[in-house]
Structures are given as C-alpha cells and as structure tokens.
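Just below is one structure, and these are the notes that go with it.
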Amino acid sequence: MNDNIRTDLNKDFVKLKNGSISYKWSGPVEGEIVVMVHGLSTPRIIFMQNVGALVEAGYRVLTYDHFGYGFSDRPNIKHSKQLYDDELIELLVALGIKTAVNLIGYSMGAGISTVFAANHPEQVKRLVLMAPVGFILKQRGINKLLLIPVLGEWLMAIVVKKKMIDHYYSEVERGVAPRIMAESFEQQFEYPGVERAFLSSLRNFPMENLQAEYQQLGETTFPKLLIWGTEDSDTPFAGSEKILRLIPDIQFFKIEGGEHSIPYTHADIVNPEIVDFLKK
C-alpha cells in the first residue's frame, strides 16, 4: 500500500506505529461509540449486515481493517495478541476516542477484544463476543499444514486463497451474503500481503488458549454478552461451557443451528440481540 493507492481507494486512513489503518465511521457523530473487531479470514466488510442496525439504534460505529487485511498496510510483522492489542489502543488514541467504548468482536476478533478488555477494562463500557476463539481444538487438516513454514506459504498461495474466495461467492449464491462482501474480500488480494498476515495470525495468535484472559474478564464488572451458533465447526460451540464457567456474569445467547458466519447469515437474529444488550 502507498499514498497513491490510498488516494485511489477513496477510504479513510490513520497512521499508527506500524503503518496506516483503513477505518470507517458510520452513524451520528453524537452517538455512543461501538467498535467492531473482525477476525482471521475476513476484513471489516464482514460486519456490513450489522452496522446499519446499530446506526439505526443511534450508535456511532467504528469498523477497521487489521494490519495485513482489507485495505490497511501490510507490514511484515508478527501478528500476535500484543500486536492486535497495540493496534486497537493506538487506533483509539489516533482517532481521539477518550471515553470507554462498546466493543464487539467476532471469531479471532472476539479473542482480540477479550485480550483488550482484560488488559484495559477501564476503556470498555460493554463487551459482545461472537463465536470467539480461545478454546478451539488444535489445528487439523489443511490448517495444521498451514502452520509449517514454506509449505504453509505454498498452500496459501495455490489452494487456500482460492478456496476462501470461492466460499464467499458460494455464500452469495445461497442467498446469505451480499455480493459486495465477496467482491470486497477478493479485492483485498490485489495488494500483496494478505496471505502473509493470515498465516502470521494463524501461527502467532493463541486461538487455542486464552484461558487467562477469559479468567481476567470474569473479574471485571462491565456487562458482557456471548453469542454463539450451536453448529459452529470453526470455533466449536463446546467452548461456550468453558467461557461460562470463567465469566459467571456473562449473558449468553445461543443460535440454534447457527454455524460460524452468524454476523451475516443470522443478522436478523444477531442485530436485535446486540442492540437490546447495548440499550440496557
């Protein structure tokens, strides 16, 4: 990414320590702030079915692309929980956000939100976790092979990238995702570095073990909501039992038959549940 590309994209960017982040504000300037944190495979476009409902409810919504994803810069850095925590805290500072925010995280983004809320509880007003990582099973199949240097890079370039793009177009074909989501997902690959960021996150973010952070959340007092689909195979629903034990005061809403992509496949259920929670 460079200044010419950023100008052509006609999007908003802010410079942080490791490069420029692509972000978007939606909703009334005076609205209470909601920050949405995307996960491993899909940039902020994943929330396009959710933002409108939050805006309609009067919230000021901030979405952003992680480093290496969407239209943010692609620095060659380790995508660890420290990086993602620093990224979010720097973003809030750079945008002049000084009040506690409502934080919504999905998948790996829920893991990032968990780390952030555990480290900076004074900056979180309410927390929503959707299909969170932190207790997934050890990587298997092709994901296990992606952890292997060189082989992982080859598989990502030859097999996985196409598979991911095809997946979102298949979601469009079955009527559960808007075409612009698939097109935006594919467009990000026009700029090198997405594959590297994906592999670095898979290899360095603790998808399998965030027990310490969830335990810390259990000691906080701000309201929390957990949303999970019962048929989720990416972040298995069984992880909800462990989170409920570690965070006794968390509200829990399960979506019967819901798979991993609940932000858009079940937006009609997810959105009112989140708005109701934020309004309490």
Side-chain angles (χ1 to χ4, degrees), residues 36-42 46-47 49-50 53 81 84 102-118 126-144 146-147 160 163-164 167-168 170-171 174-177 181 198 201-202 205-218 220 222-278 280:
M36 307 191 79
V37 187
H38 75 78
L40 174 68
S41 61
T42 312
I46 193 74
F47 295 123
Q49 301 291 83
N50 316 114
K81 65 180 181 180
Y84 285 117
N102 299 295
L103 194 59
I104 299 176
Y106 164 60
S107 193
M108 185 183 75
I112 294 167
S113 299
T114 294
V115 172
F116 183 87
R126 299 180 192 85
L127 176 67
V128 179
L129 304 177
M130 291 190 283
V133 301
F135 290 107
I136 66 172
L137 304 173
K138 289 189 176 296
Q139 300 292 352
R140 296 174 294 177
I142 195 165
N143 275 5
K144 184 176 181 179
L146 289 172
L147 300 177
V160 177
K163 184 177 179 181
M164 291 166 67
H167 167 74
Y168 284 103
S170 71
E171 296 283 76
R174 72 186 188 103
V176 296
M181 181 185 290
F198 179 92
S201 298
L202 193 64
F205 192 85
M207 310 284 185
E208 301 163 8
N209 186 9
L210 285 173
Q211 179 162 325
E213 285 79 6
Y214 283 118
Q215 195 159 0
Q216 282 180 263
L217 272 188
T220 61
F222 53 78
K224 312 163 195 72
L225 172 65
L226 175 65
I227 303 177
W228 218 319
T230 59
E231 300 303 315
D232 191 335
S233 59
D234 292 343
T235 54
F237 181 73
S240 62
E241 298 176 5
K242 298 176 182 178
I243 291 177
L244 291 172
R245 283 200 299 269
L246 291 169
I247 314 176
D249 69 337
I250 196 168
Q251 299 177 45
F252 182 38
F253 182 76
K254 64 180 178 180
I255 299 178
E256 293 291 346
E259 299 180 349
H260 190 62
S261 303
I262 53 174
Y264 62 89
T265 60
H266 290 73
D268 59 331
I269 299 174
V270 167
N271 292 342
E273 193 67 28
I274 292 177
V275 170
D276 287 348
F277 169 74
L278 295 179
K280 289 178 182 176

>> Quick check: do Leu210 and Phe205 have side-chain heavy atoms less than 4.5 Å from each other?
In response: yes
>> Please enumerate all residues that pass side chain to side chain donor-acceptor pair (under 3.5 Å) together with Thr235, with sequence neighbours excluded.
In response: Asp232, His260
> Should the heavy atoms of other residues, nucleotides or ligands under 6.0 Å from CD of Glu273 be counted, would the total exceed 12?
Replying inline: yes
> Can you name the side chain to side chain contact (heavy atoms under 4.5 Å, CB included) partners of Glu241, sequence neighbours left out?
Replying inline: Arg245
> Under the side chain to side chain contact (heavy atoms under 4.5 Å, CB included) test, which residues partner Asn209, sequence neighbours left out?
Replying inline: Gln211
> How would you list, by chain and number, every residue that makes a ring-ring contact (aromatic ring centres under 6.0 Å, His included) with Phe47, sequence neighbours excluded?
Replying inline: none
>> Within this structure, what is the OG-CE distance for the pair Ser41 and Met108, rounded to the nearest 0.5 Å?
In response: 9.0 Å
> Under 4.5 Å between any side-chain heavy atoms of Arg126 and Val128, yes or no?
Replying inline: no
>> Going by the rule salt bridge (charged side-chain N to carboxylate O under 4.0 Å, His left out), which residues pair with Lys254 if we only count those two or more places apart in sequence or in a different chain?
In response: Glu256
>> How long is the straight-line distance from CD1 of Ile262 back to CH2 of Trp228, given to the nearest 0.5 Å?
In response: 9.5 Å
> Got a second to check how far Tyr106's OH is from Ile112's CD1, nearest 0.5 Å?
Replying inline: 13.0 Å
>> Just to verify, what does Val275 make a side chain to side chain contact (heavy atoms under 4.5 Å, CB included) with, not counting sequence neighbours?
In response: Leu54, Ala57, Lys279
> Are the side chain of Ser107 and the backbone N or O of Pro132 linked by a donor-acceptor pair below 3.5 Å?
Replying inline: no
> Can you name the residues that form a salt bridge (charged side-chain N to carboxylate O under 4.0 Å, His left out) with Asp276, not counting sequence neighbours?
Replying inline: none
>> Minimum heavy-atom separation for Pro272 and Ala267, please, with both atom names.
In response: CD-O, 3.9 Å
>> Less than 4.5 Å apart, side chain to side chain, heavy atoms only: is that true for Phe252 and Leu244?
In response: yes
>> Distance check, rounded to the nearest 0.5 Å: Asn102 atom CG versus Leu278 atom CG?
In response: 5.0 Å
> Taking only residues two or more places apart in sequence, or in another chain, which ones meet Glu171 in a side chain to side chain contact (heavy atoms under 4.5 Å, CB included)?
Replying inline: His167, Arg174, Val176, Ala177, Ser261, Tyr264, Thr265
> Could you give the distance from CG (Leu246) to CG (Leu217), rounded to the nearest 0.5 Å?
Replying inline: 9.5 Å
> Rounded to the nearest 0.5 Å, how far does CE of Met130 lie from OG of Ser113?
Replying inline: 9.0 Å
>> Within the structure provided, determine whether Ile247 and Leu226 are in side-chain contact (heavy-atom separation under 4.5 Å).
In response: no
>> For Val133 versus Gly111, what's the shortest heavy-atom pair and its separation?
In response: CG2-CA, 3.9 Å
> Can you list the residues that meet the side chain to side chain donor-acceptor pair (under 3.5 Å) rule with Gln251, with sequence neighbours excluded?
Replying inline: Lys280
> By salt bridge (charged side-chain N to carboxylate O under 4.0 Å, His left out), which residues pair with Glu213, not counting sequence neighbours?
Replying inline: Lys81
>> Using the side chain to side chain donor-acceptor pair (under 3.5 Å) criterion, which residues pair with Tyr168? Sequence neighbours excluded.
In response: Thr42
>> If I compare all heavy atoms of Leu103 with all of Phe116, which pair ends up nearest, and what's the gap?
In response: CD2-CD2, 3.8 Å
>> Tell me every residue that passes side chain to side chain donor-acceptor pair (under 3.5 Å) with Asn50, counting only those two or more places apart in sequence or in another chain.
In response: Asn271
>> Taking the ring of Phe135 and the ring of Tyr214, is the distance between their centroids below 6.0 Å?
In response: yes
> So, for Leu225 and Ile274, which heavy atoms are closest and what is the spacing to 0.1 Å?
Replying inline: CD2-CA, 4.5 Å
